[in-house]
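Here the structure comes first, spelled out in structure tokens, and everything after it is commentary.
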Amino acid sequence: MRCQLKVSERRVCRVLGQHRSTQRRVPKGRADEERLIADMIELTRQYGRYGYRRVAALLRDAGWEVNNKRVERLWRREGLKVPMKQPKKGRLWLNDGSCVRLRPEYRNHVWSYDFVHHRTDDGRAFRTLNILDEHSRECLAIRVKRKLNSTEVIDALTDLFILRGVPAYIRSDNGPEFIAEAVRNWIKAVGAKTAYIEPGSPWENGYCESFNGRMRDELLNGEIFYSLREAQIIIESWRNHYNTKRPHSALGYRPPAPEAIVPMDQRPIMH
């Protein structure tokens, strides 16, 4: 049996410290909430591995005036997945207290590069050579081929040196493609210095390792490549998105190299 207390609503609310309007008004969201949720879900569908912070940054980039807290509240209410945080990794220190890792201090200070292995739908392997600027987090190039050797490394770096200049340091793994005498001599000849990581210490090349993980998680694991040419086109498109659109947490949720947009009324008139 239900027991009903003969106490007025006014008195109950006073005792509980609760405003009476909460008992009568049905809470309503903001007028734009449905459109915001629709846009948020669409971004989540496109970029399934993004968390609410990156989605919030993309929404603001699209013109929404919204903070992370509001997006998180709607994110959880809609039952969207919140990716687990990555475990923190310790740094490698020497006995004298100095850190082994060479830290980038400005653009073109330290570049790093590494290989990623994948396969097309027919089972044939291909490799990508990923080259990054560690300071800006920009992916400078991704070269996609069935086979990549020391000659390909030199060719890719040559193209970038012509476009961007020579970096102070080039960090890489100690694989045969990177420590080949031709590569070492060529890097030295152009005025850069090499920084090879210790064997079995991938954390020393953390920027490239992190990029490789994002590339595999957000792109390679979710795509079927029916040919090498298709892989080259899709990967290059993803690289452009990574540089110009994808919010990067280390950069305050801004992309590494955002596109410059000139308003229509400020563009020069062509005669």
After noting the C-alpha distance and the side-chain angles of Leu157 and Tyr113, does the key distance pass the side-chain contact (heavy atoms from CB on, under 4.5 Å) rule?
CA-CA 10 Å; Leu157 290 174; Tyr113 55 115; 4.3 Å; yes
Test salt bridge (charged side-chain N to carboxylate O under 4.0 Å, His left out) on Lys69 and Glu72 and set out the steps.
CA-CA 5 Å; Lys69 284 189 175 181; Glu72 182 185 16; over 6 Å; no
Stepwise salt bridge (charged side-chain N to carboxylate O under 4.0 Å, His left out) test for Glu33 and Arg77:
CA-CA 12 Å; Glu33 197 152 283; Arg77 194 184 76 184; 3.1 Å; yes
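Distance check: Asp39 CG to Thr44 OG1 gives 10.5 Å after rounding to the nearest 0.5 Å. Going from atom CG of Leu219 over to atom CD1 of Ile234 covers 7.5 Å, rounded to the nearest 0.5 Å. Remark: Asp114 CG to Leu132 CG distance equals 9.5 Å, nearest 0.5 Å. Taking OG1 from Thr194 and CD1 from Ile170, the interatomic distance works out to 8.0 Å, rounded to the nearest 0.5 Å. Rounded to the nearest 0.5 angstrom, Tyr242 OH and Arg137 CZ are separated by 8.0 Å. Note: Leu160 CG to Asp133 CG = 10.5 Å, rounded to the nearest 0.5 Å.
A single hydrophobic cluster is not seen to contain both Leu140 and Ile235; linkage of ILVMFWY side chains at heavy-atom distances under 4.5 Å, directly or through other members, places them apart. No chain of hydrophobic side-chain contacts below 4.5 Å, direct or via other Ile, Leu, Val, Met, Phe, Trp or Tyr residues, connects Val144 to Phe115. Residue Tyr253 is not grouped with residue Tyr52 when hydrophobic side chains (ILVMFWY) are merged at heavy-atom distances under 4.5 angstrom, including chains of intermediate members. Ile142 and Ile233 are assigned to two separate hydrophobic clusters, defined by single-linkage of ILVMFWY side chains at heavy-atom distances under 4.5 Å. Hydrophobic cluster membership differs between Phe126 and Leu148, with clusters built from Ile, Leu, Val, Met, Phe, Trp and Tyr side chains linked at under 4.5 angstrom.
Leu58 is not listed as a side-chain neighbour of Gln46, based on a closest heavy-atom distance of 4.5 Å or more. Contact annotation: the side chain of Ser172 never approaches that of Trp111 to less than 4.5 Å [non-hydrogen atoms, C-beta and beyond]. A 4.5 Å side-chain heavy-atom check between Asp61 and Arg254 finds at least one atom pair inside the cut-off. With contacts defined as side-chain heavy-atom distances shorter than 4.5 Å, the pair Ser112/Phe211 does not qualify.
Of all heavy-atom pairs between Gly51 and Trp75, the closest is C-CH2, 3.9 Å. For the pair His135 and Arg107, the tightest heavy-atom approach, listed with the atom from each and the gap, is ND1-N, 3.7 Å. Minimum interatomic distance between Ala192 and Val166 (heavy atoms only, all atoms of both residues): CB-CG1, 3.8 Å. Across Pro256 and Leu251, no two heavy atoms sit closer than the pair CA-CD1, 3.6 Å. Considering all non-hydrogen atoms of both residues, Asn130 and Thr128 come closest at OD1-OG1, 3.2 Å. Minimum heavy-atom separation, Met40 to Leu59: N-CD2, 4.2 Å.
Distance alone, capped at 3.5 Å, places no donor-acceptor pair between the Arg164 side chain and the Asn108 backbone. Under the 3.5 Å distance criterion, the side-chain polar atoms of Asn212 are left unmatched by any main-chain donor or acceptor of Met215. Although no hydrogens or angles enter the test, the distance criterion places no donor-acceptor pair under 3.5 Å between the side chain of Arg246 and the main chain of Asn243.
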Review item, side-chain donor-acceptor pairs of residues 223-231, under 3.5 Å, at least two apart:
unit_1, atom_1, unit_2, atom_2, d
Ser227, OG, Glu230, N, 3.1
Arg229, NH1, Gln232, OE1, 3.4
Glu230, OE1, Tyr226, N, 2.6

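For the ring-ring contact (aromatic ring centres under 6.0 Å, His included) test, residues two or more places apart in sequence or in another chain that qualify with His109 are Tyr106, Tyr169. Partners of Asn68 by side-chain hydrogen bond (donor to acceptor under 3.5 Å, both in side chains), not counting sequence neighbours, listed by chain and number: Arg60.
Residue Arg216 qualifies as enclosed at atom CZ: its count of foreign heavy atoms under 6.0 Å is above 12.
Side chains of Arg146 and Thr120: a donor-acceptor N/O pair is present below 3.5 angstrom, by distance only.
Taking the six-membered ring for Trp and the full ring otherwise, Trp238 and Tyr47 have centroids separated by 6.0 Å or more.
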